[in-house]
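Working notes for the structure below.
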4 protein chains.
Amino acid sequence: MTDRTPRTARGTRTRAKLLEAAEEVFSAHGYHDASIVKITEAGGVSQGTFYLYFEGKQEIFDELVEDLNRRVRRAMAEASHSGTDRAEAERLGFAAFFRFTAEHPALYRIIRQAEFVSPRALHQHYERITEGYAAGLQQALDDGEIVPLDPTVAAWALTGIGEMIGMRWVLWGENDKVPDDVFDEMIALVHRALGLTTGSREAT
Amino acid sequence: MTDRTPRTARGTRTRAKLLEAAEEVFSAHGYHDASIVKITEAGGVSQGTFYLYFEGKQEIFDELVEDLNRRVRRAMAEASHSGTDRAEAERLGFAAFFRFTAEHPALYRIIRQAEFVSPRALHQHYERITEGYAAGLQQALDDGEIVPLDPTVAAWALTGIGEMIGMRWVLWGENDKVPDDVFDEMIALVHRALGLTTGSREAT
Amino acid sequence: MTDRTPRTARGTRTRAKLLEAAEEVFSAHGYHDASIVKITEAGGVSQGTFYLYFEGKQEIFDELVEDLNRRVRRAMAEASHSGTDRAEAERLGFAAFFRFTAEHPALYRIIRQAEFVSPRALHQHYERITEGYAAGLQQALDDGEIVPLDPTVAAWALTGIGEMIGMRWVLWGENDKVPDDVFDEMIALVHRALGLTTGSREAT
Amino acid sequence: MTDRTPRTARGTRTRAKLLEAAEEVFSAHGYHDASIVKITEAGGVSQGTFYLYFEGKQEIFDELVEDLNRRVRRAMAEASHSGTDRAEAERLGFAAFFRFTAEHPALYRIIRQAEFVSPRALHQHYERITEGYAAGLQQALDDGEIVPLDPTVAAWALTGIGEMIGMRWVLWGENDKVPDDVFDEMIALVHRALGLTTGSREAT
DNA sequence: AATGAATGAGAGTTCATTCAT
DNA sequence: TATGAATGAACTCTCATTCAT
């Protein structure tokens, strides 16, 4: 009920510290073992302060999901738009996704938890990602770049590819990045799936 | 350290009841909100009895994951082996996976949680699934049925497709099954990714 | 939701210990400063045990009010029924009330709090007391012992007299009892109010 | 220890706003659920401002009790003094009390809480009320208007009548006032208790 | 005079687990 | 084999109060 918007610069700073701390803590311990104490300690403020800016644990979680979602989508959009054709757009988009994953493992780790914590946030996350992806595919379709297909189905399917490869090689891998050969293999597969011809290979 | 193997037929029954109850409860409430009380109540036994057969909450969770993993792999293997060529094998395998998902939503819901609860169990789950998948692809490769590719990378990628489409249309959908047109679209995409030619379409 | 009825003799004993402890603690500290810790410490059990038998603080409070209500009414009823005429019944009833108050100061102290804690319990308490009282007056009326009056209004009014005199002389007094002269003065007033003639004075 | 007296007209206004807000909030939520935030919000000032004028929660509570006490006594005194005889004085005094109760339900609700919050304030409240009442009775006694009795005991007893009837019919009733017939019944009872003859009945 | 950010103790409550019966 | 009473640590959240601005 109460308005929890900070009213001073100091407050704004504190709120931001808490969000950052929450990303760390949720990512390290998972939602349930991420206690408010841990978050406030990581943020360097007292327990009570937390409730000055957030309604509770769930609320900060939701906000975090939304935040990460916005950032990953922006990263992917920017990358893929800088491609000159669809084949390159795909390559750059996936590369951006993996880079983001490496820098923000919290994304995966937090999203996974959302199933029970905040189903709405989970749906929205994938909905938004696939929507953006589908729009790009539709464009490629209109331009006759790819084989006729349902862009929505394709978007969900290809998102799944990213998720799985990212989990296996970025999250569980040893180098925090998808090895080049794996990446190339995957891109080739994606290109075939869309009916594109994979050109010569540049760096990831 | 105590041996928790049931010594009597009655004990075996009780243990089985608890496992079944756990699947229900974990699936409905998630790991953390699935209290031992809820599980024992659902199983119709008292709290203390639980510890006669399981070391703790985590142990029963792991066992459940393993159990579901075994079952889903068997379902997929049986289905895909009954196909006459690789194209059909893919179609049947995915169909089996979606059917299993519809019947056991617990699979998804429980696996998702495993990230923090039992990372080992999570790794193992996907490792085993993709191993089986990769073996099939290797075979197809040897038979010259599919385009040259790294079967492991392809297995993880295609597993991702299944996961995502299943989540979107089975779990979140309204009919507990992937609609035929979506399924066909997805299969076509998979076939292209493998360099297969999609044949005529039968029912899912 | 859960059934919190004790299932063994030990449980029944523990529950009783908690109720007794609660009477003490609520009476000594008031509802809000009576923490569950204080109650369980006074009862010699751990915090968690409390929730085995009570839903929460409010529930044990309500139960206590009801319990005290039953006991004070029984004490008054027994006393006043042993009187041979209405004048004596009044004298004995009030005496019993003051005696109970002296032995259970918790009655007052707890009831007072109920206004915000459990308004329902408060209403019920006075409703029941005055109902019993009014029934006695109705009888006296039928027997022509008292002046014509509305028994309900009289019952509430006379209950008020008891409350106030009890508060002033039992609770705040120094001897834990209403001094004889005060008691006699009050009874004389009550008798006049009912149109009874006060007879010779015996001890309280 | 700091001096909290307002030094400017603005300060005086703020202090008054807070007192008024406190009456509302204490009355609506009870002492313990009446947080300083609620009071300051109701008063339209910030949390910190509260401590400019009051030492703490308890202090503002005490001041409120004293304030209400002063006002209810004035109302009753004025009313009863305008009566021409004792019978009328009683009638008018009680009527004034009920009117005040209807307009300031906070009186009851706040006093009830005082038992543990501020026992001193509670004692003082009733002490003052009954003192005034007793003085009036003494006068009537000297004038031979009422039967011989101890004015102090009678004052406490009759105050109890007012409290109880007020609670039952003003606070819990539906019309915010004591119905005429109840009022007349009660007054008749009071008159008998004092040995007065009830005259003809006017409105309350 | 007024603000609102910050504190931290303490509240009620849950729950995995142990143990006497 | 099975029970359920008991534990106690940990959790989320509230709130009177202080203090820098």
Side-chain angles (χ1 to χ4, degrees), chain A residues 2 5-15 32-40 44-58, chain B residues 6-15 32-40 44-58, chain C residues 2-3 6-15 32-40 44-58, chain D residues 6-15 32-40 44-58:
Chain A
T2 337
T5 320
R7 244 162 265 301
T8 67
R10 189 186 177 195
T12 311
R13 242 159 26 233
T14 303
R15 202 191 124 98
H32 280 97
D33 293 343
S35 62
I36 304 294
V37 193
K38 277 178 190 147
I39 295 175
T40 51
V45 298
S46 78
Q47 272 191 72
T49 302
F50 179 89
Y51 294 91
L52 248 35
Y53 303 110
F54 302 96
E55 250 175 51
K57 202 177 167 179
Q58 159 114 272
Chain B
R7 302 241 168 281
T8 67
R10 186 186 177 195
T12 311
R13 259 186 340 262
T14 303
R15 204 191 124 96
H32 280 96
D33 292 345
S35 62
I36 302 294
V37 196
K38 275 179 192 147
I39 294 176
T40 51
V45 299
S46 77
Q47 270 187 79
T49 303
F50 179 90
Y51 292 88
L52 252 34
Y53 302 110
F54 301 96
E55 251 177 50
K57 199 176 169 182
Q58 160 117 273
Chain C
T2 338
D3 181 12
R7 245 163 265 301
T8 67
R10 189 186 177 193
T12 310
R13 245 163 18 237
T14 303
R15 203 190 124 99
H32 280 95
D33 292 345
S35 64
I36 304 294
V37 194
K38 277 179 192 147
I39 294 176
T40 50
V45 299
S46 78
Q47 272 190 72
T49 302
F50 179 90
Y51 294 91
L52 248 36
Y53 304 111
F54 301 96
E55 251 176 51
K57 201 176 167 181
Q58 159 115 269
Chain D
R7 301 239 168 282
T8 67
R10 186 184 177 196
T12 311
R13 256 182 348 257
T14 303
R15 204 190 122 97
H32 280 96
D33 292 346
S35 63
I36 302 295
V37 196
K38 276 180 193 147
I39 293 175
T40 51
V45 299
S46 78
Q47 271 185 77
T49 303
F50 178 90
Y51 291 89
L52 252 34
Y53 302 110
F54 301 96
E55 250 177 50
K57 200 177 170 181
Q58 160 118 274

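All values below come from the heavy atoms of this structure, side chains included, with hydrogens, waters and symmetry mates left out. Reminder, nothing fancy here: chain letters follow the sequence lines and each chain counts from 1.
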Exercise for the section: Would you mind reporting whether A/Tyr53 and A/Thr5 have side-chain heavy atoms less than 4.5 Å apart? Expected result: no
Problem - Which residue lies more 5' along DNA chain F, comparing B/Arg7 with C/Arg7 via nearest heavy atoms - result: B/Arg7
Completion exercise
Closest non-hydrogen contact found for C/Ala34 with C/Lys57 is O-CE, 3.0 Å
Exercise for the section: Mind checking side-chain hydrogen bond (donor to acceptor under 3.5 Å, both in side chains) for B/Thr49 and listing every partner two or more places apart, or none if nothing turns up? Expected result: B/Ser46
Handout entry: Contacts of type ring pair (Phe, Tyr, Trp, His ring centres under 6.0 Å), residue D/Phe54, not counting sequence neighbours
Key = D/Phe50
Exercise for the section: Answer whether the closest heavy-atom distance between the side chains of C/Thr8 and C/Thr12 falls below 4.5 Å. Expected result: no
Practice task
Starting from P on E/dA16, measure out to CG on C/Leu52 and report it in whole angstrom.
Solution key: 14 Å
Practice task
Give the stems involving DNA chain E, where a stem is 3 or more consecutive Watson-Crick or G-U wobble pairs (i with j, i+1 with j-1, and so on) under 3.5 Å.
Solution key: E:2-21 with F:2-21
Exercise for the section: Take the protein atom NZ of A/Lys38 and the nucleotide atom C1' of F/dT12, then report the distance between them rounded to whole Å. Expected result: 14 Å
Handout entry: Student check: side-chain heavy atoms of C/Asp33 and D/His32 closer than 4.5 Å
Key = yes
Exercise for the section: For A/Arg13, check side-chain hydrogen bond (donor to acceptor under 3.5 Å, both in side chains) against everything at least two apart and list the hits. Expected result: none
Exercise for the section: Would you indicate what B/Tyr53 reaches in the nucleic acid, counting non-hydrogen atoms under 4.0 angstrom: base, sugar-phosphate, or nothing? Expected result: sugar-phosphate
Problem - nucleotides 16-21 of chain F: protein proximity per nucleotide (B base, S sugar-phosphate only, - neither; heavy atom, under 4.0 Å) - result: SBB---
Problem - Closest-nucleotide ordering on DNA chain E, the 5'-leading residue of D/Thr8 and A/Arg15 - result: D/Thr8
Exercise for the section: Using the test side-chain hydrogen bond (donor to acceptor under 3.5 Å, both in side chains), find all partners of A/Arg7 that sit at least two apart in sequence or belong to another chain. Expected result: A/Asp3
